[in-house]
Amino acid sequence: MKAIAQDRYGSPDVLELREVDKPVVADDTVLVRVHAAAVNARDWHLMRGDPYLARLVLGLSGPKTKIRGTDFAGRVEAVGRNVKRFRPGDEVFGEVDGAFAEYVCAQDNTVEPKPAGLSFEQAAAVPLAGNTALMGLRDLGRVQPGQRVLINGASGGVGTFAVQIAKAFGAEVTGVCSTRNMELTRSMGADHLIDYTQEDFTRNGRRYDVVFDLVGNHSLTECRRALTPTGRLVLSGGGVSEGGSLIGPMGLILKGQVMSRFVHHQLLVLTATPSKDNLAALRELAESGKLTPVIDRTYPLSEVPEAIRYLEVEHARSKVVITM
Ligand SMILES: NC(=O)c1ccc[n+]([C@@H]2O[C@H](COP(=O)([O-])OP(=O)(O)OC[C@H]3O[C@@H](n4cnc5c(N)ncnc54)[C@H](OP(=O)(O)O)[C@@H]3O)[C@@H](O)[C@H]2O)c1
């Protein structure tokens with residue numbers, strides 16, 4: 001089968017379209033013919049081996065897992081003997097390492113039936129970014145109806161889901177984005193917009209019950225200024241302003257853990273982990289019309305390097321999707 005693989009860390013130029021062995025289904029896995037995959041910030045972090053500290057786990061001289069990509073949607077081709085939930089032909093979506101490929105073999109517990117009414121491209125856009133938004137707002141932010149929630153980075157892959165999910169939870173939502181993305185963020189349902197080129201949300205005097213930071217361009221002290229006395233700050237680990245490319249988000253995580261011992265605010269660092277229950281919750285939101293994935297651009301499998309370059313350096317908005 002064809003897949004996008006790499007042997008060494010670096011820019012998108014290290015990615016190659018290759019012929020590789022088709023994966024073989026194991027007892028607890030589902031073999032899926034991929035129809036669409038989505039690009040995430042995770043892909044370029046893994047591609048670059050960034051931060052350097054992560055290479056201790058990912059592989060020192062090059063990635064141990066050579067095929068890139070995480071999110072996929074497609075049709076089940078075969079199931080392992082312990083898998084009872086799926087049959088060949090089922091339409092599914094989920095997360096796996098190596099989604100930029102014609103086939104993936106995913107653990108049963110990271111796959112769910114595809115939301116009815118979504119195309120394969122739309123469904124592929126959901127898993128990682130949607131799960132990040134869901135866990136950030138539901139599990140860490142504990143968003144309640146009527147609360148005021150600010151999403152910093154509202155027009156990005158995670159942000160466009162976060163605005164919609166916060167609205168589905170009954171919150172009053174403020175989206176922070178650039179001038180060109182104001183209309184997009186409004187169309188996701190944001191009640192209020194802040195154009196970050198004109199206004200700094202940490203200095204305008206307004207307070208929020210939950211601030212979900214997907215950018216990392218403000219210090220913890222600055223973000224805390226935008227919180228009510230009992231407010232919760234949810235950090236995605238985005239941005240390198242707190243750690244550089246040696247330790248990346250670890251700097252922010254450590255700083256948040258230390259600072260949260262001395263301040264009354266909850267400073268919470270998110271680590272989104274794949275879960276079929278969360279995929280099911282996202283499917284329900286999509287099927288009830290409360291969550292619509294937005295796709296900025298699509299690229300064929302052979303153009304994954306261009307797709308990653310676009311996401312990494314050209315300020316893509318919403319999701320970038322790979323079609324097979
Ligand atoms: N902790 C976890 O488990 C987890 C999981 C997934 C993702 N993440 C992290 O979450 C972050 C967001 O991911 P993503 O997929 O949404 O990235 P993305 O699609 O690249 O979106 C980033 C957004 O940030 C906006 N932005 C840039 N500068 C800004 C500023 N100064 N103020 C406000 N917005 C600004 C951009 O909008 P403009 O084009 O308008 O500038 C863009 O829409 C990434 O750093 C990613 O690594 C963490």
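In this text, all values refer to a predicted model and were calculated from it rather than measured experimentally. Note: hydrogens, waters and symmetry copies are ignored here, and every other heavy atom, side chains too, is used.
- Counting only N and O atoms by type, the side chains of Tyr103 and Arg33 include a donor and acceptor under 3.5 Å apart.
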List the steps, then state whether side chain to side chain contact (heavy atoms under 4.5 Å, CB included) holds for Met182 with Cys177.
CA-CA 6 Å; Met182 303 278 275; Cys177 59; 4.0 Å; yes
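- Looking at Asp108 and Lys276, no side-chain N of the basic residue comes within less than 4.0 Å of a carboxylate O on the acidic one, giving no salt bridge.
- Ion pair Glu199/Arg206 flagged as a salt bridge, since at least one NZ, NE, NH1 or NH2 atom sits closer than 4.0 Å to an Asp/Glu carboxylate oxygen.
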Decide yes or no on side chain to side chain contact (heavy atoms under 4.5 Å, CB included) for Val39 and Ile322, but give the supporting numbers first.
CA-CA 7 Å; Val39 184; Ile322 306 302; 3.9 Å; yes
Stepwise side chain to side chain contact (heavy atoms under 4.5 Å, CB included) check, Glu19 with Lys2
CA-CA 5 Å; Glu19 234 3 272; Lys2 290 190 172 54; 3.6 Å; yes
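- Side-chain contact between Leu118 and Pro293 is present, with at least one heavy-atom pair separated by less than 4.5 Å.
- The ring-ring contact (aromatic ring centres under 6.0 Å, His included) test applied to Phe120 returns His35, not counting sequence neighbours.
- For the residue pair Asn152/Asn217, the side-chain donor-acceptor check at 3.5 Å is satisfied.
- For the residue pair Ser318/Asp296, the side-chain donor-acceptor check at 3.5 Å is not satisfied.
- A 4.5 Å side-chain heavy-atom check between Met259 and Thr221 finds at least one atom pair inside the cut-off.
- Residues Leu301 and Phe100 are in side-chain contact: their nearest non-hydrogen atoms beyond the backbone lie under 4.5 Å apart.
- In Asp21, the CG atom is not crowded: 12 or fewer heavy atoms of neighbouring residues, nucleotides or ligands sit closer than 6.0 Å.
- Looking at heavy atoms from C-beta onward, Pro88 lies out of side-chain contact with Glu77 at the 4.5 angstrom threshold.
- Side chain of His264 to main chain of Pro229: a donor-acceptor pair is present (N/O by atom type, distance under 3.5 Å, no hydrogens or angles).
- In this structure the side chain of Glu121 never reaches within 4.5 angstrom of the side chain of Lys319, judged on heavy atoms.
- Here the side chains of Val215 and Tyr196 are not in contact, with every heavy-atom distance at 4.5 Å or above.
- For the pair Arg138 and Ile165, the minimum side-chain heavy-atom distance is 4.5 Å or more.
- Contact annotation: the side chain of Asp97 approaches that of Arg42 to within less than 4.5 Å [non-hydrogen atoms, C-beta and beyond].
- Every residue two or more places apart in sequence or in another chain that forms a side-chain contact (heavy atoms from CB on, under 4.5 Å) with Val92 is listed here: Val32, Phe72, Val76, Phe86, Asp90, Val111.
- In this structure, the side chain of Asp213 engages the main chain of Gly216 through a donor-acceptor pair within 3.5 Å.
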